[in-house]
Amino acid sequence: MSILDHLNSAQREAAQTVAGPLLVLAGAGSGKTRVLTYRIAHLIDEQNVPSWAILAVTFTNKAAGEMRERVEQLVGTQTRWIGTFHSMCARLLRMEAEAFGLDPGFTIYDEDDRRALVRRVLQQHQVDPQALAPAAVIARISRAKNAMLDPGDMAAAAKGPAQQRLATLYQTYQQELRGNNAFDFDDLLTEMVRQFDQHPEVLARYQERFHYILVDEYQDTNRPQYLLCRQLAAAHRNFCAVGDDDQSIYQFRGADLRNILDFEQDYPEAKVVRLEQNYRSTGHILQAANAVIGNNQDRKGKALWTTSGPGELISLVQCETDRAEARYVVSTVRQLVERGEYEPGDTAVLYRTNAQSRTLEEELQRSGLPYQIVGGIRFYERKEVKDMLAYLRLLANPADDVTFQRIVNVPRRGVGDSSIQRLRRYAAQSELSLFAALARLEGLPELRGPARKSLVSFRDLLHGLAAERQQMDLAELGQAVYERSGYQAMLQDENTPEAEVRAQNIEQLISFMTEFSQTRTDPDLNGFLEEVALMAPIDETPENNQAVTLMTLHSAKGLEFPVVFIAGMEENLFPTSRCVEESRVNPLAMEEERRLCYVGITRACERLYLTYAGQRYAYGSLIYPEPSRFLSELPEELVTMQQESDPQPRRRTPAARHRLDGAADGPNRASTPPRRPAPARSGAHPARSGVHYEWDDPPAVEPVSPGTDTGDFMSPGCWVTHPRWGRGKILLREGHDERTKLTIQFGSQVKKVVAAYARLEPAG
DNA sequence: AGCACATGTTTTTTT
DNA sequence: AACATGTGCT
């Protein structure tokens, strides 16, 4: 009896092919994670491979933790080297800091720190941030790093003065990073690859050590990650990559599909195993997923299949407003729960952008259903938490000027811009970090008065903490920072509910520190800061299988839920406006967005609801979106359509009213009942018309509001009988006179008929 | 130094 | 709508 008896034949083949390179093309829900865990278990238990000789790389820390746990359940052995690329690199860079000539206390800069640094670099070069947005500079630098280009390479390849200038900015940015003893996310990978290149003797140790290397979500690896795999696997070549080209959704941050598409060229002796049997979703859901992804050109091509039944139809729900959409989601969840069919924890609501979570959250809050949000305002990005971490970071890495400046005057201690300015100049002259310059304040006599006094006490605070650091455990250190920095007093003095919440957050941070020191064998400050810096949103969401889960489609990668809602299926939202624009130039641009849609659909096991709204708030004003093109890619026979009106239409903002009044100037306008939302007018501004749904050609659209009293039995909402399909409900009327077309729902089928030819009769 | 107020920017997704 | 940055005032 082998562990592998629990797998199907393709899975088993993937798990037991341990020698040589192996590519596992694993479709959504095909048991990929299962294969990986069983493969590791098989190596340890049946091939007698010591667990330290196995390296497994996952996409999130959460996935790593789950895999570690399952392997332990199977074979009772802890696997030490399971983690993300970033955490593995951070760990290796620290472990080998001496060999690499690095300071192991290095700080990992997050997006905020990176932005702050770029701003400073722009200032230094007297570049107007209006003319060259910091975000654009960050993006270009990141792209260069993902291509393994250093500032010199970029300068050499520069065409024209603009690119030349960018290379200069990149160079300064990089110097500043190193000067602060800091790495950004990209650096962790590129530095690792470079250090291995420059120190083959160190690389050789790890090549020798890791007999077996497994990489999950290989379709989302970028160039440096690819190179790292190649370096580490070079000796034993027991390299197993698992991925799905159809689920590649991180090309925007440098993921390169070639890594998976060209695997067989890179490793000619590679074996390829395909997992196409889906164990997750019903037939209808799977068909829908296959149909949508079938519109992509750039793929290896595969078709998932299942032996489970067709299941329910997919619900397509047209909502009047984003608020109605949120209410629909909530009331549907409640119905499913009340009928005893599902628990709240069985359901997930997915969306394209985090901004969409707010309305959903408000409605969930009102409903009293338990819910949790993944991402959004992240715990470790709250100002008070970041401030506290900044103190700790500065203790770990006194060379970090960005961090120094973040907290030198937080809480307020009367150190203003001009004093910092002076200190900076002094530090620059004496080639010291700000922290070191502070320690030698006697060399800066022109700084006097209250500012000097404050700086001296700030210095004493830091030196005191640094001196006592060794005698304290992690949480004690956190507590000491909280109290002695004056942060606690500041929040207490504020005496507001908000300050109270912030105080609680800091207390929670300190209890995380306690937990960290209790659960780690070697809990040091660097390790804690590293873990915090490399957390994905999903990692910091505590496990709660009792609650409705709200998250972005990206965060949902790798997860599954019995019931899935995808909200905001609208053009310019999903796909995003940027993508829509870009796809005009580059048709392939739409493909990543479509893969994201595919990922979303395939998260659902049993029920899938796709919702979209005719009105939505974006950037604080009303917009009138069109249904997403991905909806029209769903085969009609798989869906059932519903409409959801807004029982309490929102008060229009002055800005929105202005726009609506401008749009609708028909004669009936003035007599529109105040309680009813203004029906969309056809013709004048089709893009701004309210709720409607279009299958193919752009139609003239009649208002769709239940109870429209035209007296005509062919209005939306009316029931009709068709000689062949029986009783049905009219969803939509388009066109005029003989060209009137009706969309009618007969049972679970939606049909579109031409009114003049279909022999329809009124029904109840 | 630090505040109140005004203006401008942002939403893509995340390690 | 929320947030960050900038300006002018005290």
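Heavy atoms only: backbone and side chains are in, while hydrogens, waters and symmetry mates are out. Just so we're on the same page: letters track the sequence lines, and every chain starts at 1.
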(message) Checking contacts here: which listed nucleotide (B:dT11, C:dT5, B:dG2) is nearest the side-chain heavy atoms of A:T353?
(response) B:dT11
(request) Tell me whether A:Y250 is stacked on the nucleobase of B:dT13, counting only the six-membered base ring and applying the 5.5 Å and 30° thresholds. (result) no
(request) Tell me which of A:R253 and A:S419 sits closer to the 5' end of DNA chain B, going by the nucleotide each one is nearest to. (result) A:S419
(message) Whether A:S555 contacts B:dT14 is assessed here as follows: a side-chain N or O lying under 4.0 Å from the phosphate OP1 or OP2. Is that the case?
(response) yes
(request) Tell me whether the OP1 or OP2 atom of B:dC3 has a side-chain N or O from A:R412 closer than 4.0 Å. (result) yes
(request) Classify the ring geometry between A:Y380 and A:F512 as parallel (under 30°), tilted (30 to 60°) or perpendicular (over 60°). (result) tilted
(request) Nearest whole angstrom, please: distance from the P of B:dT14 to the CZ of A:F252. (result) 7 Å
(message) Can you measure A:M551 atom CE to B:dT14 atom P for me and round it to whole angstrom units?
(response) 11 Å
(request) Give A:D186 one of three labels, base, sugar-phosphate or nothing, depending on what nucleic acid heavy atoms sit under 4.0 Å from its own. (result) nothing
(request) Return the 5'-most residue of the pair A:G414, A:Y619 with respect to DNA chain B, ranking by each residue's nearest nucleotide. (result) A:G414
(message) Please classify the nucleic acid contact of A:E111 as base, sugar-phosphate, or nothing, using heavy-atom distances under 4.0 Å.
(response) base
(message) Base, sugar-phosphate or nothing for A:N409? Non-hydrogen atoms, less than 4.0 Å.
(response) sugar-phosphate
(request) Let me know the distance between CD1 of A:I623 and P of C:dA1, rounded to the nearest Å. (result) 15 Å
(message) Ring of A:W81, cation from A:R91 - is the NZ or CZ under 6.0 Å from the centre and inside 45° of the axis?
(response) yes
(message) With a cut-off of less than 4.0 Å, is there a side-chain N or O of A:N572 near OP1 or OP2 of B:dT11?
(response) no
(message) How many whole angstroms separate atom CD of A:E381 from atom P of C:dC3?
(response) 13 Å
(message) Is the phosphate of C:dT5 approached by A:R119 (side-chain N or O, under 4.0 Å from OP1 or OP2)?
(response) yes
(message) With a cut-off of less than 4.0 Å, is there a side-chain N or O of A:S418 near OP1 or OP2 of B:dA1?
(response) yes
(request) Check A:I249, A:N296, A:N295, A:D244 against A:Y598 for a side-chain contact (heavy atoms from CB on, under 4.5 Å) and give me the one that passes. (result) A:D244
(request) Write down the distance separating the C1' atoms in C:dG6 and B:dT11, rounded off to the nearest Å. (result) 23 Å
(message) Donor-acceptor pair, distance only, cut-off 3.5 Å: does the side chain of A:N586 make one with the backbone of A:S583?
(response) no
(request) Specify the separation, in whole Å, of atom CZ of A:F574 and atom P of B:dT11. (result) 19 Å
(request) Give the C-alpha distance, both sets of side-chain angles, the deciding distance and a yes or no for ring-ring contact (aromatic ring centres under 6.0 Å, His included) between A:F85 and A:Y226. (result) CA-CA 10 Å; A:F85 273 109; A:Y226 164 85; over 10 Å; no
(request) Among B:dA1, B:dT14, B:dT11, find the nucleotide with the atom closest to the side chain of A:T552. (result) B:dT14
(request) Check whether any side-chain nitrogen or oxygen of A:N354 sits under 4.0 Å from OP1 or OP2 of B:dT14, and answer yes or no. (result) yes
(request) Nearest whole angstrom, please: distance from the P of B:dT11 to the CD of A:E581. (result) 15 Å
(message) How many whole angstroms separate atom CD of A:E362 from atom P of C:dA1?
(response) 10 Å
(request) Using a 4.0 Å heavy-atom cut-off across all strands, classify A:D110 as base, sugar-phosphate, or nothing. (result) nothing
(request) To the nearest Å, give me how far apart CD (A:Q247) and C1' (B:dT14) are. (result) 17 Å
(message) Main chain of A:V57, side chain of A:D216: is a donor-acceptor contact present, judged purely on distance under 3.5 Å?
(response) no
